Amino acid sequence: MAWGDGWVRLHAGVHLLTLHQRSGQVIRASNFLTWQPEISRQLAAALRDAGEGRLLLLLATPEFTLHLGKEVVQYLTHLGSHFAGRLARDEAWCLVAWQGVGVLHETLTTAHHYASNGDAPPTAITLLIPRRLEPRCTWYNQLKLRERAQFCRRYDGYGDFCRCWQPPWSPRLPQPSPLKQEVIPVALVTGGRLPQVLRQVDQLRSGPGGVATPVIIFFDGISDEAAALASLLQVKITFHFISRSPGTTARVNEHIKFALQGVFQSYPEVNFAIILEDDLELAPDFISYFHQTAPLLKSDPFLLFINAFNYNSYPHTASDPSRLYRAHGIPGYGWMTSRAAAQEMLAAWAPLNQTGASWDWWVRARVMGPRDMVIPEVPRTRHRGGGGTHISGFDQVLFSSQPLNRDPNITLDVNSVQEGEYEARLLDDLNSAQLVVLTRHPCDVLPLPLYKTNKTYVTYINQPDENHHHYAYEVVATCLGINNRDIHENLRMMVTFPFFGNQVYLVACPNSPYCKPGRGKVIYTATRDDLEYAKQSALLRPALTVSYGLRTQPQDPSLEFSLENRFLVNFTIGGVKVVDS
């Protein structure tokens, strides 16, 4: 498919099959697009979490080494791979191994870079592999764990949940609440990442109010494995058969719609519900966050939903986990809405004939109107996917650098985000803010201090609307290290964030009601050239490291026999990496 200025093969990467050691049945099949960053993390987890003694088959196809990652190479080398640390681009590689035992066979078809056309040469492997007895874990005979033992013998990829060499990890199970509080169920939407569902349900139950929160899984398709896991976790599950093609926007739209409708039907007595996707890491106060903010949806008619995520939250722009903001944006990455608002969304849902229309942007464009959402300064979710329908591994580099609240006992400043009080404080801040005029490219001269000054700053940019062709927002956002993909998370065309502890207001002129520069020369205007320069010069973007080998013409045959005829390419894209503390 088309990708940027070129083309990519969506099958390129590492294909991993897990076979049952006794029956030979394929019990897990995955493809990891390791030509994209961040995907190596998923591959490493899949290798670690494979069951003891399972038969692993890895087949790697072109471009797979670009972001294979040190952790994957080290794991495979420790398993017994001879080639994992000597691979190169445009080659084909296959490995067969018993998990925890060692490599059975490995084959590599090499290709000299100077003669390669980008296609891997064919490779073939034929093996006759003896079956092995399945290990019988000591805990299999425990009456309370027999259902799990049956699950772990049949399915794979669950790591410590099914470990054999010591008592397995057990997730938290639901418990009645000792306190009387409003019930807010969670609709967990998944398309098959069941090991992640297991971890996510446990994260839901780890913080205050979690074990008393009802969870219902909405599964895209029909799965005996999903039904068995739901039984072990003591959660409800609903299967949804969708006629649309897997991986398409239309299929995702229909599944989210089904979950939003289904959670309120399953719990007819509740006023609110939380929608959660399976590729998120959750803060320990995830449930508490929504319980504290739920009264806002009752009292404020200008709110449509509450998000657990903030697109402009990075380690240098997020410091106060109790602070909330109002904005206009899309629901997603963990969000809560009321029954009435859900009915409104469902009545105007993206129709099936709207090719490419994503449900979240459709809600914003067709349902939200002038209403706002609430977002936290420090997110309560962090995206951990990448390589899916909407989020590539390159997008995931940014998501992985975002912070996540770690304190389970945060008291939110809910009153400050009430519509009237919020607007009054906002106007006071803008009136007293120190004006920052961008007279030079903001990537050359960073216009704001990188230390706390206890001051508020305001900058005006020429951005009449949210379209990219105005460039000003994208340039400034790139240089300041915030979300530069779009300006959608704004309040009447104004974006605010605490830049190294100092509150910054980035006001889009001339159409924001907060645009009051006094004189036109203080409004920053950017060009396409400014944008291209910003992409090359930004200092506050997460660094992207690329490392791979190119097979070279050997000076001596022994170098080729040992696979040492390899030129290593190592480089970093981006500036100073901002990490989560």
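None of these values were measured; they are calculated from a predicted model.
H470 and N462 are not linked by any side-chain donor-acceptor pair at a separation below 3.5 angstrom, with hydrogens and angles left out of the test. When only modelled atom types and interatomic distance are considered, D429 and Y505 share a side-chain donor-acceptor pair under 3.5 Å. Side-chain N/O atoms of N307 and E489 include no donor and acceptor closer than 3.5 Å. With 3.5 Å as the limit, one finds a donor-acceptor pair spanning the side chains of S416 and D413. Side chains of D486 and H468: no donor on one and acceptor on the other come within 3.5 Å. Under 3.5 Å, the side chains of R193 and Q42 contain no donor-acceptor pair of N or O atoms. Between the side chains of R48 and Y75, not a single donor N or O lies within less than 3.5 Å of an accepting N or O.
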Practice item. Could you walk me through whether I487 and D465 pass the side chain to side chain contact (heavy atoms under 4.5 Å, CB included) test, one step at a time? Key: CA-CA 9 Å; I487 192 177; D465 51 47; over 6 Å; no
Check your understanding: Which is it for T337 and L260 under the side chain to side chain contact (heavy atoms under 4.5 Å, CB included) test, yes or no, and what are the steps along the way?
Key -> CA-CA 9 Å; T337 195; L260 182 60; 4.2 Å; yes
Check your understanding: Would R364 and H328 satisfy side-chain hydrogen bond (donor to acceptor under 3.5 Å, both in side chains), going step by step from the backbone distance to the final call?
Key -> CA-CA 8 Å; R364 184 182 186 231; H328 194 278; 3.0 Å; yes
Point to revise | Audit row: Q292, D285, side-chain hydrogen bond (donor to acceptor under 3.5 Å, both in side chains) steps and yes/no | key: CA-CA 10 Å; Q292 291 184 63; D285 68 336; 5.7 Å; no
**Study point:** Worked verdict on L282 versus L276 for side chain to side chain contact (heavy atoms under 4.5 Å, CB included)
**Key:** CA-CA 10 Å; L282 310 183; L276 183 63; 3.8 Å; yes
**Study point:** Criterion salt bridge (charged side-chain N to carboxylate O under 4.0 Å, His left out) on R406 and E281, from CA distance to verdict
**Key:** CA-CA 11 Å; R406 300 296 183 185; E281 180 184 357; 3.3 Å; yes
Exercise for review: Give the intermediate values and the outcome of side chain to side chain contact (heavy atoms under 4.5 Å, CB included) for residues L430 and K516.
Suggested key: CA-CA 9 Å; L430 288 170; K516 298 178 182 178; over 6 Å; no
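With a 4.5 Å cut-off on side-chain heavy atoms, N511 and M493 do not count as touching. Under the 4.5 Å side-chain criterion, counting only non-hydrogen atoms from C-beta, T213 is not in contact with I274. The shortest distance between side-chain heavy atoms of H383 and E38 does not fall below 4.5 Å. Residues Y289 and L324 form a side-chain contact, since some pair of their non-hydrogen atoms from C-beta on lies under 4.5 Å apart. In this structure, D530 and Y471 have side chains that are not in contact, with every pair of non-hydrogen atoms separated by 4.5 Å or more. Looking at P171 and L198, their side chains come closer than 4.5 Å, going by heavy atoms from C-beta outward. Residues V186 and I287 are in side-chain contact: their nearest non-hydrogen atoms beyond the backbone lie under 4.5 Å apart. In this structure, H67 and V546 have side chains that are in contact, with non-hydrogen atoms separated by less than 4.5 Å.
Contact between L280 and G334 at its shortest, heavy atoms only, is CD1-N, 3.7 Å. Between R566 and L87, the shortest heavy-atom contact is NH1-O, 2.8 Å. Summarising the geometry of A357 relative to T249, their closest heavy-atom pair is O-CG2, 3.3 Å, with the distance given to 0.1 Å. Heavy atoms only, all atoms of each residue included: S401 and P315 are closest at O-CD, 3.2 Å. In terms of heavy atoms, L76 sits closest to A84 at CB-CB, 3.8 Å. The minimum heavy-atom distance between A44 and E71, with the atom names listed, is CB-CD, 3.7 Å.
Ring-plane geometry between F500 and H316 is classed as tilted, the angle between the planes lying from 30 to 60 degrees on a 0 to 90 degree scale. Under the 30°/60° scheme for interplanar angles, the aromatic rings of Y311 and Y333 are found to be tilted.
Going from atom CG of L68 over to atom OG of S40 covers 7.0 Å, rounded to the nearest 0.5 Å. The distance from atom CD of Q463 to atom SG of C515, rounded to the nearest 0.5 Å, is 12.0 Å. One distance of note links CD of E377 with CG of N310; it measures 8.0 Å at 0.5 Å rounding. To the nearest 0.5 Å, the span separating OG on S537 from CD on E532 amounts to 10.5 Å. Between the CG atom in L188 and the CD atom in E277 there is a gap of 9.5 Å [rounded to 0.5 Å]. How far CG of N312 is from CZ of F499: 12.0 Å, rounded to the nearest 0.5 Å.
Looking at S338, its side chain does come within 3.5 Å of a backbone N or O of A341 through a donor-acceptor pair. At distances below 3.5 Å, not a single donor-acceptor pair connects side-chain atoms of T34 with backbone N or O atoms of G13. A donor-acceptor pair is defined here as one N or O able to donate and one able to accept, closer than 3.5 Å; no such pair exists between the side chain of R380 and the backbone of N405. When atom types are taken as modelled, the side chain of D278 and the backbone of V197 share no donor-acceptor pair closer than 3.5 angstrom. No donor-acceptor pair closer than 3.5 Å links the side chain of R323 to the backbone N or O of S319. Distance alone, capped at 3.5 Å, is enough to place a donor-acceptor pair between the R205 side chain and the R172 backbone. Put simply, the side chain of R199 never gets that close to the backbone of Q196: no donor and acceptor are under 3.5 Å apart. Looking at S512, its side chain does come within 3.5 Å of a backbone N or O of Y514 through a donor-acceptor pair.
By the neighbour-count criterion of 12 heavy atoms within 6.0 Å, atom NE2 of H11 is densely surrounded, having more than that number from other residues, nucleotides or ligands. Counting heavy-atom neighbours within 6.0 Å of R528 CZ, excluding the residue itself, gives a total of 12 or less. Residue-environment remark: NZ (K70) stays at or below the threshold of 12 foreign heavy atoms within 6.0 Å.
When each of L303, D300, L304, V414 is tested with V374 by the rule side-chain contact (heavy atoms from CB on, under 4.5 Å), just one qualifies, namely L303.
Every residue two or more places apart in sequence or in another chain that forms a side chain to side chain contact (heavy atoms under 4.5 Å, CB included) with P449 is listed here: Y451, T453, Y457, N502.
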